[in-house]
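Order of appearance sets the numbers: ligands from 1, and atoms from 1 within every ligand.
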Amino acid sequence: MSTLQKNLAIICQNRKLPFVFEEAKAMGVEITFFYNDNESPPPEIPGVVRSIALPLFEDEDKALDIVMLENKARRIDGVLTLFEPALDFAAKIANRLGLPFLPEFVVEQCRNKNMTRRVLHDNGLNTPSFIEIKEGEYPDIDQIKFPLVVKPTNGFSSQGVTRANNPDELRNAIDKVWEINRTQLKNFIYDKGGVLLESFIDGPEFAIETFSHRGEVTVLSIGDKGNGKGPYFEEGVYIAPADIDEKLRDEIVDEVRRAVKALGINEGPAHVELRINQKQMPFVIEVAPRVGGSGISHYIVKASTDINFLQLVICHALGMEFSQKMGALVKPISTAGNYIIPVQGDGIFVEIDGLANAREKSEVEYVFEFMEPGHKVLPYPHFSGYPGFILTRHTDHEACESFYNDLQKNLKIKYS
Ligand code: ADP
Ligand code: CA
Ligand code: CA
Ligand code: CA
Ligand code: CA
């Protein structure tokens, strides 16, 4: 029985990442879990009182009806999702029920990368040159400065995101992204295709977690995300706090807070990706109005700052008052990281060699495995899921990096 007498609707969630369920449960919140009906019904999950299937990406109207009917039976007090393609739906539900959530247009302008670029540009933020093209269209090569990044306008998980260094690569990348729009992404984007070209920002990447309240944006953490050069952008390591000087840190904080505000994220969490170019200028790559990484961002913030990110987010979703005053930037107290086990190729997945050893290390707090034996891993830029995450805590950045170098040497994916 819920001690808070609050019923939180969680829309879709990678069930292997338990943070959102665990934090809600710890608060005494009752969870109604709406899962995508192309997945199997979930086993027992901590805090989840009932699980309801939704035809979320096949029949949105029907899915809306199911949630509205469920609300009649048991009033829903808050709506939350950490799953990018479910944000639009969550916004619709919350707005119909009069519950706290961002307006639908704010969600749309974050999800649509062409709109994001336009808003950031119009608000005076650093923006790579960008152009959206129509199906069957190729840009005028004379007007283009390489290298470029080609991506689906409404994509996620780096699917299709490809660097192009010359006209040949550009044509191939454009064809490939249209194919990905029509196949893997089709359902999740409700057929909203679109291909975006933007100039490649050449320099280190950072992930920034923020929380907004009454229009004030707090930067909870800034983490290092490596310096990927492409042609594909598989997720790698995430270490917070980032190894940067105060000047760069303050510039990132300023750019990010302005970007989050410009996009209209006046309340709740955001996960921001940003790169620093050769002139040391920060460029926001994208802003997602949610807790990042299906809850990984919560771990990073909690382990590196002691702030319970999801608790804030759940309080906000339930319309509860909270008094935490955090200012522009939160001070880190420890180093935390996520080592994403790379797919290291393609084929039929068998197992991850060396994982049992890694589990034993004192720095390792969680190990999540996502692939079952027999899972088919396609070559990038197709996304077939990550083999696993290893969440760790360290005294400092250097210790974390050297730990990850060892993991890289010792963990091998076996394919048959
Ligand atoms: P998705 O929503 O699929 O994650 P992103 O736009 O975030 O798509 O792109 C995925 C990754 O590709 C980014 O994290 C970044 O590493 C790289 N990337 C995307 N756009 C650019 C760009 N203009 N310059 C440099 N790298 C980019
Ligand atoms: Ca986005
Ligand atoms: Ca995204
Ligand atoms: Ca991204
Ligand atoms: Ca990314």
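- Residue contact check: Phe156 has heavy atoms under 4.0 Å from atoms 1 (P), 2 (O), 3 (O) of ligand 1.
- Between Glu198 and the options Arg275, Arg117, Lys145, Lys113, a salt bridge (Lys or Arg N to Asp or Glu O under 4.0 Å) holds for only Arg117.
- In summary, Lys409 and Asp406 engage in a salt bridge, as defined by a charged side-chain N under 4.0 Å from a carboxylate O.
- Looking at Phe200 against ligand 1, both its backbone and its side chain come within 4.0 Å, counting heavy atoms.
- Residues Asp346 and Lys376 are not paired through a salt bridge, judged by the lack of any N-O separation under 4.0 Å between the basic side chain and the carboxylate.
- Of the candidates Val161, Leu148, Ile201, it is Ile201 that places a heavy atom closest to atom 24 (N) of ligand 1.
- Those atoms of ligand 1 with a heavy atom of Glu273 less than 4.0 angstrom away are 7 (O), 14 (O).
- The nearest N/O/S atom of Glu273 to the Ca ion (ligand 4) is OE1.
- Residue contacts with ligand 1: Ser157 is included, with a non-hydrogen atom under 4.0 Å away.
- Counting the atoms of ligand 1 from 1 in the order shown, those under 4.0 Å from a heavy atom of Glu286 are 1 (P), 2 (O), 4 (O), 7 (O).
- Geometric assessment of Arg15 against the ring of Tyr35 yields a positive cation-pi assignment under the 6.0 Å and 45° thresholds.
- Across Glu198, Lys113, Lys151, heavy-atom proximity to atom 8 (O) of ligand 1 is greatest for Lys113.
- Using a 4.0 Å cut-off between charged side-chain N and carboxylate O, Glu30 and Lys6 make no salt bridge.
- The pair Glu363-Arg393 does not count as a salt bridge, with every side-chain nitrogen at least 4.0 angstrom from each carboxylate oxygen.
- Taking 4.0 Å as the cut-off between side-chain N and carboxylate O, Arg258 and Glu255 count as a salt-bridged pair.
- Under a 4.0 Å N-O distance rule, the pair Arg359/Glu369 qualifies as a salt bridge.
- Only the backbone of Ser199 comes within 4.0 Å of ligand 1, counting heavy atoms alone; no side-chain atom from C-beta on gets that close.
- Inclusion of Glu286 in the first shell of the Ca ion (ligand 3) is supported: an N, O or S atom falls under 3.0 Å.
- Ligand 1 places these atoms under 4.0 Å from at least one heavy atom of Glu205: 13 (C), 14 (O), 15 (C), 16 (O).
- Under a 4.0 angstrom heavy-atom cut-off, Gly160 registers as lying outside contact with ligand 1.
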